[in-house]
Number of protein chains: 2
Amino acid sequence: MADHAITPRATDYSQWYLDVISAAELSDYSPVKGSMVLKPHGFALWENLRDDLDRRFKETGHVNAYFPLFIPVSFLSKEAQHVEGFAKECAVVTHHRLRACEGGVEPDPASKLEEPLVVRPTSETIIWHMYGQWIQSWRDLPILINQWANVVRWEMKTRPFLRTSEFLWQEGHTAHATQTEAMEEATRMLGVYESFAREILAIPVIPGVKSASERFAGADETYTIEAMMQNGWALQAGTSHFLGQNFAKAFDVTFQNTAGVREHVWATSWGVSTRLIGAVIMTHSDDTGLVLPPKIAPIQVVITPIWKGEAEKAELLAFADKVKAALSPRFRVKVDDRDNLKPGAKYFEWERKGVPLRLEIGPRDLKNNSVFAAPRFGGGGKFGIAFDGIAEAVGQKLDAMQADLLAAAEERRDARTFRPGSYAEMKDQLDGGGFFLVPWADDADAEATIKEETRATIRCYPLSAQGDAAGKTCFYSGKPATHMALFARAY
Amino acid sequence: MADHAITPRATDYSQWYLDVISAAELSDYSPVKGSMVLKPHGFALWENLRDDLDRRFKETGHVNAYFPLFIPVSFLSKEAQHVEGFAKECAVVTHHRLRACEGGVEPDPASKLEEPLVVRPTSETIIWHMYGQWIQSWRDLPILINQWANVVRWEMKTRPFLRTSEFLWQEGHTAHATQTEAMEEATRMLGVYESFAREILAIPVIPGVKSASERFAGADETYTIEAMMQNGWALQAGTSHFLGQNFAKAFDVTFQNTAGVREHVWATSWGVSTRLIGAVIMTHSDDTGLVLPPKIAPIQVVITPIWKGEAEKAELLAFADKVKAALSPRFRVKVDDRDNLKPGAKYFEWERKGVPLRLEIGPRDLKNNSVFAAPRFGGGGKFGIAFDGIAEAVGQKLDAMQADLLAAAEERRDARTFRPGSYAEMKDQLDGGGFFLVPWADDADAEATIKEETRATIRCYPLSAQGDAAGKTCFYSGKPATHMALFARAY
């Protein structure tokens with residue numbers, strides 16, 4: 001199956017990415033242009049991300065709901081910037097029946113819809129239509145709803161996990177009585193994403209604000225977390241939007257405040273997607289294949305008994321099951337008891353699939369009542385673990401591996417975050433990748449010129465760096481700096 | 001909000017159903033014809049069903065994956081019966097871009113797709129296309145994949161949960177080396193559905209086989225679980241299909257067996273949907289509103305402190321939190337601390353929302369270190385529970401309530417399952433609802449005639465009753481019986 005070689009990163013980073021995905025059996029191409037298949041190992045990864053995020057959303061007071069897949073085209077048009085942003089990449093449903101034709105079936109002209117429907121690219125419009133029916137008074141606020149769903153944005157150039165026509169995501173949509181509350185919500189959810197990325201994905205993201213040209217279509221402010229991939233490119237890993245009253249005005253959603261006066265409702269929306277899997281792959285994996293943070297690995301520990309002959313097999317499988325039983329309450333464990341594969345082939349497979357810890361069990365280990373542990377990454381080599389206290393020892397090792405991944409990613413990011421003294425200096429350095437933190441005088445035209453000349457964009461104005469802009473001059477125009485901007489090439 | 005009256009069942013059963021849904025805030029109508037919005041309370045119910053089912057699927061060796069939403073129309077056509085079954089109710093995507101037009105946007109003619117895409121009504125075709133690429137040898141089998149997804153079947157007459165154009169479901173798709181294995185899988189999953197319905201939904205379903213006319217389009221055999229609603233109508237609650245080699249042949253999926261010979265792969269598919277929520281509502285609810293089996297209730301216990309004045313409020317809320325802390329490890333608990341609602345209004349709301357157990361806490365209860373428990377259903381009235389051992393007592397009560405619901409549903413079903421001696425007798429009785437178990441000589445034309453004359457259909461040939469057919473004559477034709485058939489009017 002997935003036994004072709006993995007191209008080294010140094011040879012061809014893009015091909016390496018595709019090879020890692022294929023070797024780990026995370027996804028597959030589909031016959032539908034732009035859509036991918038999430039294979040079981042890839043979907044299990046998504047389930048782990050989703051479950052942890054879902055818990056965080058519920059802990060911050062949100063509930064899940066589900067809104068229709070189809071959006072009438074007239075809804076999209078109601079918010080001017082929104083339709084501008086999404087009209088060019090929509091799947092449009094125009095008929096509701098097929099009829100036989102020569103060689104197959106075709107849309108039945110008699111079933112043409114009066115109003116075409118768009119497959120949701122995002123759900124602000126349909127949700128704010130519903131909120132209009134649910135919100136009457138301040139008592140109905142806030143509404144803190146999240147939706148797990150598939151969305152479609154037609155893409156010509158696709159790349160698994162990073163850019164596909166259909167993808168899975170979550171979209172939070174909240175409604176508030178005041179601007180302050182909505183702003184707090186937007187930044188709160190950015191914080192949830194930031195800590196999730198750090199604690200669970202071991203990705204040290206940079207939280208910041210988007211420049212006006214990079215804002216979500218229909219937002220007053222877009223917050224983002226930006227991650228650095230191993231090639232020094234940036235990947236936008238999640239966004240949280242302060243939508244002001246734009247959608248409330250487009251859909252005429254008002255509430256009666258405590259003083260009895262009707263006001264428009266304030267809104268946020270925020271989302272992350274299966275793109276995060278791409279971020280995980282490109283942050284941690286190596287030339288051997290997938291590397292996963294233990295907290296999200298579908299299999300955290302694989303036990304590989306090594307036997308000769310049936311009698312030994314029975315003994316070793318029994319011991320393997322005993323080890324599994326000791327670990328299962330705390331970890332996701334698999335015993336690889338396949339007969340038709342040699343140990344080396346098994347090791348090869350599980351390494352490519354990113355299983356953090358392999359426990360080898362041979363006759364000598366059985367005698368010693370211990371196992372031989374081979375960590376997927378981090379150096380230090382194999383080491384023995386006594387059966388007594390094995391869950392504790394495995395837990396410590398996995399925690400250390402999780403921490404090591406984060407530390408390594410932080411080190412890479414910091415080592416490749418530059419503060420060029422001039423635009424020329426950044427241009428010279430850009431081909432080598434990296435983040436470029438510079439004083440910047442906000443100017444959409446200059447931003448566009450830089451993008452055209454260098455393919456680098458403002459990833460964000462990092463929240464933690466904004467204090468540094470005061471008194472500085474723009475690295476591009478020489479004007480007084482308004483922000484500290486983080487430039488990078490990005491996926 | 002949801003404060004209008006609930007129509008009694010005896011007055012108008014259909015309106016009662018809609019009223020219960022609205023009063024419990026389970027779903028809402030959407031501006032997209034045929035689609036519904038799952039509101040937070042309804043979606044939480046779905047999450048509980050889904051999580052329990054997902055655990056059962058994984059325990060029986062299945063893994064989740066995700067396949068594309070869009071299916072090329074040419075794929076649908078490959079299996080003749082399949083396209084026949086689904087072509088008439090498809091959402092068809094024909095364009096991938098909108099352009100501005102007078103008064104809004106319209107599909108851009110320049111973006112017309114070469115091949116139209118259908119929004120999946122079910123995923124056999126796209127999945128078997130992929131299986132064709134994944135399966136080479138007997139080593140690749142079985143494949144035991146499940147998908148949680150949204151699907152679309154265009155419906156003109158819709159009814160929340162029971163019949164909507166878009167709905168949420170799971171679809172299992174498995175591939176096997178032998179007919180026997182595939183048959184075993186199809187019946188195993190029917191068994192999973194049956195025990196899930198009984199143990200979790202408290203619905204005593206009847207497992208059986210569909211007659212040829214009621215089979216899934218593309219199946220060799222369709223198994224079903226049929227539930228009886230309170231009005232005596234049947235509701236198909238889940239199906240499991242033995243697909244033979246039909247899809248393997250349509251998509252040319254073969255494997256090399258252990259003898260080195262290529263054979264077509266054997267298949268099953270099986271699914272349940274948000275329809276199950278409709279089944280729960282119509283099995284258990286009453287004229288007061290929603291009744292939920294404790295095991296799936298989004299809120300199992302609501303604690304309602306009743307105070308006068310701020311000092312009492314603080315004391316009672318502290319006690320309520322203490323009770324919640326004692327119960328939370330085992331149950332889904334909510335403290336209703338709203339200031340702006342009187343206790344009666346709170347009780348009214350939680351009863352309509354189907355919360356199984358309400359714990360009232362007043363100053364006297366605080367003094368006695370106990371609570372006053374009001375079960376949502378089952379008679380017996382309110383009773384006191386001491387704080388010490390409260391989790392145990394609540395657990396026992398909820399278990400008893402769960403068992404009571406199942407017993408009541410079984411009693412209703414058995415009391416209304418009739419064995420009419422003749423077709424005339426069944427016709428006389430049909431308006432009163434009920435299941436009609438009769439000896440039957442398999443005959444699609446007779447079946448169609450009965451359906452036309454009575455609106456009753458063969459729900460299934462119940463697995464447990466088939467031994468009784470031997471030696472009997474058909475209740476309709478007088479010919480020797482081939483099956484015992486269960487007739488009923490159905491949703």
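Just so it is clear, the structure is predicted and the values come from calculations on it, not from any experiment. Here is how names work: the chains are called A, B, and so on, in the same order as the sequence lines, proteins then strands, and each is numbered from 1.
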task = Identify, with sequence neighbours excluded, every residue that meets side chain to side chain contact (heavy atoms under 4.5 Å, CB included) alongside E349(A).
result = R338(A), L341(A), K353(A)

query = What is the ring orientation for W154(A) with H96(B), classed by angle as parallel under 30°, tilted 30 to 60°, or perpendicular over 60°?
reply = parallel

query = Can you tell which of F75(A), F43(A), Y66(A) has the highest number of heavy-atom pairs within less than 4.5 Å of chain B?
reply = Y66(A)

query = Got a second to check how far L98(A)'s CG is from L76(B)'s CG, nearest 0.5 Å?
reply = 6.5 Å

query = Can you tell me how far the CD atom of Q133(B) sits from the OH atom of Y29(A), to the nearest 0.5 Å?
reply = 12.0 Å

task = Ignoring hydrogens and angles, tell me if any N or O in the side chain of E166(B) forms a donor-acceptor pair with the backbone of L69(A) under 3.5 Å.
result = yes

message = Measuring from atom NZ of K39(B) to atom CZ of F67(A), what distance do you get when rounded to the nearest 0.5 angstrom?
response = 9.0 Å

key: Interchain contact, S30(B) with chain A, by part (heavy-atom threshold 4.5 Å)   = both

key: Under 4.5 Å from any heavy atom of chain B - which part of V73(A)   = both

key: Winner by heavy-atom pair count (cut-off under 4.5 Å) against chain A, out of L168(B), N340(B), T164(B)   = L168(B)

key: Contact winner vs chain A - K78(B), H95(B), K33(B), heavy-atom pairs under 4.5 Å   = H95(B)

task = Quick one: which of P40(A), S77(A), G103(A) has the most heavy-atom pairs under 4.5 Å with chain B, could you say?
result = P40(A)

request  = Using heavy atoms and a sub-4.5 Å threshold, report which of residues 106-114 of chain A line up against chain B, by residue number.
outcome  = P107(A), L113(A)

ask   = Can you tell which of P31(B), S35(B), A100(B) has the highest number of heavy-atom pairs within less than 4.5 Å of chain A?
value = P31(B)

query = Out of V63(B), I145(B), D28(B), which one racks up the most heavy-atom pairs below 4.5 Å with chain A?
reply = D28(B)

request  = Check each atom of P116(B) against the heavy atoms of chain A and say whether the ones under 4.5 Å are side chain, backbone, both or neither.
outcome  = side chain

ask   = With only heavy atoms counted, which part of R139(B) is less than 4.5 Å from chain A, the side chain, the backbone, both or neither?
value = side chain

query = Would you say K334(B) has more than 12 foreign heavy atoms packed within less than 6.0 Å of its NZ?
reply = no

note = Scored by heavy-atom pairs under 4.5 Å with chain B, the best of M36(A), E115(A), E47(A) is E47(A)

message = Can you list the residues of residues 52-61 of chain A that sit under 4.5 Å from chain B, counting heavy atoms only?
response = D54(A), K58(A)

inquiry  = Counting only non-hydrogen atoms closer than 4.5 Å, can you tell me which residues of residues 79-92 of chain B sit against chain A?
reply    = V83(B), A87(B), K88(B), E89(B), C90(B), A91(B), V92(B)

request  = Compare every heavy atom of F70(A) with every heavy atom of V32(B), then report the nearest pair and how far apart it is.
outcome  = CG2-O, 3.1 Å

